[in-house]
Amino acid sequence: MEVNSIQTGQQFNNASQQQQARQVDAQTQSPVVKEADVASSAALQAYKQQSQPKSESVVDTVQIKSSSVAKNLDTVRSIEQMHGRLNELIKGVRQTNEDLNKAVETVAQMQGSLTSIVKNYPPYPIDSMERRDLLMSYMSLRKEIENLMVPAPPQPVYEKVKSMWEAMFAQNGQMQASAVPALETGASDKKVQLASEGLDNLSEQLGGLSDKITQTLINS
């Protein structure tokens, strides 16, 4: 009985000492633990605060980039449309100039026939076969140039050359009959000379029209 009482007392003392030691440790460590808790809490709050603005910043940046890309896309589309219209304009002007060139070449051949008559010395007699053949060639080429269909240049180029165009071409693109001198196989030397001068004038008009059309395209 006495032994048990002694052991119980010792256990009680040990428990009491351990409790006191824990209290001492708690009192000693409490400021450290509390400081650690505070630091941990502050770090967590700072992280949360940093995380939220960062997320919004990323969204704003993405939106800005998206807006920039959309703007660039619209710009490229506008350029593409502009080039499309310009390409159509170039194509139309090229076709007009190609047919004007055919007209100029035909006029040059007609001039060649008349020059052979005018420059010949001694002059061809009115009833000579050579003179007749040259005038027949001229008449054939005149029909050819009258049947040539020259397309008018596209807008807005046409508006800039309208008066020049209508002086030589009908609405369907055919050469005005009055623009090309007419001759018969029995035409006199004077009429041949006047027709040759008329062709010189026509050739200059066609060249001037082509120049005006091309310059208008360049300035458009």
Side-chain angles (χ1 to χ4, degrees), residues 64-119 133-184 187 190-220:
I64 291 173
K65 289 182 178 179
S66 176
S67 176
S68 178
V69 170
K71 182 179 179 181
N72 291 337
L73 180 58
D74 289 341
T75 300
V76 171
R77 285 172 176 167
S78 297
I79 294 173
E80 183 180 21
Q81 291 175 356
M82 179 182 68
H83 277 264
R85 290 192 296 270
L86 183 58
N87 286 337
E88 288 299 317
L89 189 61
I90 292 171
K91 182 179 178 181
V93 169
R94 176 174 56 80
Q95 184 62 55
T96 299
N97 273 326
E98 285 179 352
D99 288 333
L100 284 176
N101 186 59
K102 292 178 182 178
V104 169
E105 289 177 346
T106 304
V107 169
Q109 293 177 23
M110 296 170 69
Q111 281 183 305
S113 297
L114 297 186
T115 300
S116 297
I117 297 175
V118 173
K119 298 292 184 180
D133 288 343
L134 288 170
L135 288 174
M136 288 291 291
S137 174
Y138 176 90
M139 294 166 59
S140 176
L141 289 170
R142 186 175 185 275
K143 289 182 180 179
E144 183 178 321
I145 199 172
E146 284 182 339
N147 292 328
L148 179 64
M149 304 290 289
V150 181
Q155 296 289 357
V157 174
Y158 177 73
E159 288 301 321
K160 301 292 185 180
V161 300
K162 184 177 180 180
S163 59
M164 295 177 66
W165 182 267
E166 292 179 347
M168 287 181 285
F169 294 95
Q171 291 184 347
N172 62 359
Q174 284 185 306
M175 184 80 73
Q176 296 278 9
S178 59
V180 187
L183 288 175
E184 301 294 336
K190 184 171 181 60
K191 287 185 178 180
V192 171
Q193 179 65 40
L194 290 174
S196 179
E197 293 173 358
L199 290 180
D200 286 335
N201 183 56
L202 177 58
S203 182
E204 289 180 4
Q205 286 182 308
L206 291 171
L209 177 60
S210 178
D211 289 342
K212 181 67 174 180
I213 290 172
T214 304
Q215 191 61 44
T216 301
L217 171 65
I218 292 173
N219 295 333
S220 62

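Atom set for the values below is all heavy atoms of this structure, side chains included, hydrogens, waters and symmetry mates excluded. This is a predicted model, so every value here is computed, not measured. Residue numbers count from 1 along this sequence.
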Check your understanding: Is it true that atom CD of E159 has more than 12 heavy atoms of other residues, nucleotides or ligands lying nearer than 6.0 Å?
Key ->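 Above 12, so yes.
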
Check your understanding: Would one find more than 12 heavy atoms of other residues, nucleotides or ligands at under 6.0 Å from atom CE of M149?
Key -> yes

Find out whether [X] and [Y] are in side-chain contact, i.e. whether some heavy atom of one side chain is under 4.5 Å from a heavy atom of the other.
| X | Y | value |
| --- | --- | --- |
| L217 | R94 | no |
| L148 | M175 | no |
| Y138 | P181 | yes |
| M139 | E184 | yes |
| V192 | L135 | yes |
| L89 | P156 | yes |
| Q174 | F169 | no |
| N219 | Q215 | yes |

Taking atom [atom1] of [X] and atom [atom2] of [Y], what is their separation to the nearest 0.5 Å?
| X | Y | atom1 | atom2 | result |
| --- | --- | --- | --- | --- |
| L209 | M164 | CG | CE | 5.0 Å |
| L199 | L206 | CG | CG | 10.5 Å |
| R142 | S113 | CZ | OG | 14.0 Å |
| L202 | T106 | CG | OG1 | 10.5 Å |
| E166 | K162 | CD | NZ | 5.0 Å |
| Q95 | L100 | CD | CG | 10.0 Å |

Practice item. Salt-bridge test for D99 and K102: reply yes if a basic N is under 4.0 Å from a carboxylate O, no otherwise. Key: yes

Given 3.5 Å as the limit, does a donor-acceptor pair link the side chain of [X] with the main chain of [Y], or not?
| X | Y | value |
| --- | --- | --- |
| S78 | D74 | yes |
| S137 | D133 | no |
| N87 | H83 | yes |

Point to revise | Passing candidate, side-chain contact (heavy atoms from CB on, under 4.5 Å) with I145, options V150, V180, V104 | key: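 Of all the options given, the one that passes is V180.
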
Exercise for review: State whether a side-chain donor-acceptor pair under 3.5 Å links E197 with N201.
Suggested key: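 Per modelled atom types, E197 and N201 side chains form no pair under 3.5 Å.
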
Check your understanding: So, for V93 and P154, which heavy atoms are closest and what is the spacing to 0.1 Å?
Key ->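 The answer is N-CD, 3.8 Å.
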
Review point. Can you list the steps and then say if V157 with T96 is a side chain to side chain contact (heavy atoms under 4.5 Å, CB included)?
Key: CA-CA 11 Å; V157 174; T96 299; over 6 Å; no

